[in-house]
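Remember, it's a predicted structure, so these values are computed and weren't measured experimentally. As the structure lists them, so they are numbered: ligands from 1, and atoms in each ligand from 1.
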Amino acid sequence: MNTEKSKNMYEKAKTLIPGGVNSPVRAIKPYPFYTKSAKGSKITDIDGNQYIDYCMAYGPNILGHAHPMVREAIIEQVEKGLIYGTPSVLEVKLAEKINSFYPSIEKMRFVSTGSEATMSSIRLARGFTGKDKIVKIEGGFHGAHDAVLVKAGSGATTHGEPNSPGIPSDVTKNTLQCPFNDAEAFIDLVDNNKDEIAAVIMEPVMGNMGPILPRREFLSAVRSVTQENDILLIFDEVITGCRLALGGAQDYYEIKPDLTTLGKIVGGGMPIGVFGGRSEILDLISPEGPVYQAGTFSGHPVTMAAGLATLNYIEKHEVCRTLNDRGISFRKALSDIAAEKKNTYSVVGVSSMFGVFFGDTPMNYQDALKCDTVSFNKYFKDMLKSGIFVPPSQFETNFLSLAHSTEDFDKTIEAFDSCLE
Ligand SMILES: *Cc1c(COP(=O)(O)O)cnc(C)c1O
């Protein structure tokens, strides 16, 4: 496989961009491939190699790359102008759609990234409760802002920097940590910080340590303990939203949070974040209330058009259900292969999310860190050579899209079998 052009481009990029990339997860060693184009389930690099893509831009592309419907919606909007700085009808329509999927989201604000959504929801929770501390789950990733870059998953863990320098200890001291799936630890944490915790922010399915599934009792315990202690429960559904179900993980697991953050899928491939919840809480946002939040690109018309086209499509064609079924049979096929090998591999996932752990099935961050990342990296490279692009880290999630065909699956299963050997 010739990747000469990517290699050279990366050399140049490193002289201009730190680490040669604009987001750390993309810094594949020794160099990443540079993408020329992507369509459906396939991504093509500048040397002309084509891969079946399970990275899927880390989540947004539930319909596959460049779905014709979404493309059309974007072009139609571009003809009418790019950005106005005034309200547009599209943002009301998208809000209405999201509200119809998520009964817990009575009101919402659109922002430009998932990071902005989690940052704003934390500020709002603090404003609403009048308390400063927040709890996050170890290994949870909520974007790259100060309050949540403590034991953060995703690229932060991959590159060994779950706690970032540059964040004042005055900020991190207000971010408490709890292991995933450990209700007792959570109850103790709340007891030890009585009347000081504003909110708990968590991914209901951890997507940034590879996928780690919740125990239902853990989710229920967190819900009841937060309710009893005047703590807001924030579900970060930037990955799971409109994927596990139209109504996200909160619908799938039947747990109603106070606030929700969305992103990725709901922008249809354009930059987006959403935070929302009960009206009583959202009414604290400026100009209705005193909690300030603003953005030049918030509710961007092109994003709204792409998001609306995507959500309409997945609703009409029951895409979540289709992908959930395909996810079950695909994971079964991978599990069967993994079970035959002499090393321990665990194929884990839910819905259209999956991951292959080089070790036992993890239930939390500490478990996930025990996995054999050296062997994983070899597996990643071997898969790539076989024409399959999986996320380049043990701590990321693979995604199925509607565009993945039976042929793609067969080819992947075959490659998986030989790469695990
Ligand atoms: C990707 C992600 C974010 C951050 O979203 P950006 O758009 O990258 O800022 C936040 N939370 C979760 C769970 C994510 O997976």
Side-chain angles (χ1 to χ4, degrees), residues 21-27 55-62 109-123 125 134-158 162 164 175 180 199-214 219 233-244 248-250 252-253 257 259-276 293 295 297-300 303 306-307 310 349-355 365 368 391-393 395-399:
V21 290
N22 282 303
S23 198
V25 286
R26 300 178 198 164
C55 191
M56 279 290 153
Y58 296 92
N61 294 328
I62 192 168
R109 266 270 164 95
F110 293 116
V111 291
S112 301
T113 63
S115 301
E116 222 186 319
T118 63
M119 181 182 78
S120 306
S121 69
I122 289 169
R123 183 183 303 146
I134 58 162
V135 177
K136 80 173 270 293
I137 304 296
E138 282 179 13
F141 182 74
H142 307 289
H145 58 92
D146 287 6
V148 291
L149 273 186
V150 185
K151 285 197 187 174
S154 188
T157 291
T158 307
S164 172
T175 303
F180 198 49
V200 181
I201 184 161
M202 63 187 282
E203 301 169 75
V205 173
M206 303 265 288
N208 290 284
M209 281 310 296
I212 300 183
L213 306 190
L219 294 180
L233 175 59
I234 307 172
F235 268 1
D236 182 354
E237 296 227 42
V238 169
I239 285 182
T240 52
C242 302
R243 183 175 287 279
L244 268 60
Q250 54 194 272
Y252 192 91
Y253 293 105
L259 293 172
T260 300
T261 55
L262 299 170
K264 296 185 175 135
I265 289 176
V266 295
M270 299 294 292
I272 197 169
V274 185
F275 67 100
Q293 189 281 325
F297 295 102
S298 297
H300 195 291
T303 300
T310 302
V350 61
S351 170
S352 46
M353 299 166 67
F354 72 97
Y365 182 59
S393 161
F395 309 118
E396 298 290 345
T397 292
N398 296 255
F399 296 103

Considering both backbone and side-chain atoms of G114, is one of its nitrogen or oxygen atoms within less than 3.5 Å of a nitrogen or oxygen in ligand 1?
yes
Decide whether S393 and E396 meet the rule of one side-chain donor and one side-chain acceptor closer than 3.5 Å.
no
Closest by any non-hydrogen atom to atom 3 (C) of ligand 1: pick that one out of V238, V205, I201.
V238
Ranked by distance from atom 1 (C) of ligand 1, the top protein heavy atom is K264 NZ, 1.7 Å
Run the numbers for me: atoms of ligand 1, each under 4.0 Å from some heavy atom of F141, listed by number.
11 (N), 12 (C), 13 (C)
Contact atoms of ligand 1, heavy-atom distance to D236 under 4.0 Å
10 (C), 11 (N), 12 (C), 13 (C)
Is T261 touching ligand 1 with its side chain, its backbone, both, or neither, if touching means heavy atoms under 4.0 Å apart?
neither
Can you tell me which residue among L244, V205, T240 is in a side-chain contact (heavy atoms from CB on, under 4.5 Å) with S351?
L244
Side-chain donor or acceptor of K136 paired with backbone N/O of V150 under 3.5 Å:
yes
Can you list the atoms of ligand 1 that are under 4.0 Å from a heavy atom of I239?
15 (O)
Show me which atoms of ligand 1 lie under 4.0 Å from any heavy atom of H142.
10 (C), 11 (N)
Assess, by modelled atom type and distance only, whether the side chains of T118 and H145 contain a donor and an acceptor separated by less than 3.5 Å.
yes
Below 3.5 angstrom, do we get any N/O pair linking S115 and ligand 1?
yes
Sub-3.5 Å N/O-N/O distance, E116 and ligand 1
no
Enumerated ligand 1 atoms positioned under 4.0 Å from heavy atoms of E203:
13 (C)
Using the rule given for side chain to side chain donor-acceptor pair (under 3.5 Å), can you reason through Q250 versus T260, listing the C-alpha separation, both sets of side-chain angles and the distance that settles it, and then say yes or no?
CA-CA 9 Å; Q250 54 194 272; T260 300; 3.0 Å; yes
From CE (M202) to CG (L219), nearest 0.5 Å
5.0 Å
Distance-only side-chain donor-acceptor flag, S120 / R109, under 3.5 Å
no
When you measure from the side chain of E203 to the backbone of F141, do you find a donor-acceptor pair of N or O atoms at a distance under 3.5 Å?
yes
Does any N or O atom in T118 lie less than 3.5 angstrom from one in ligand 1, N or O only?
no
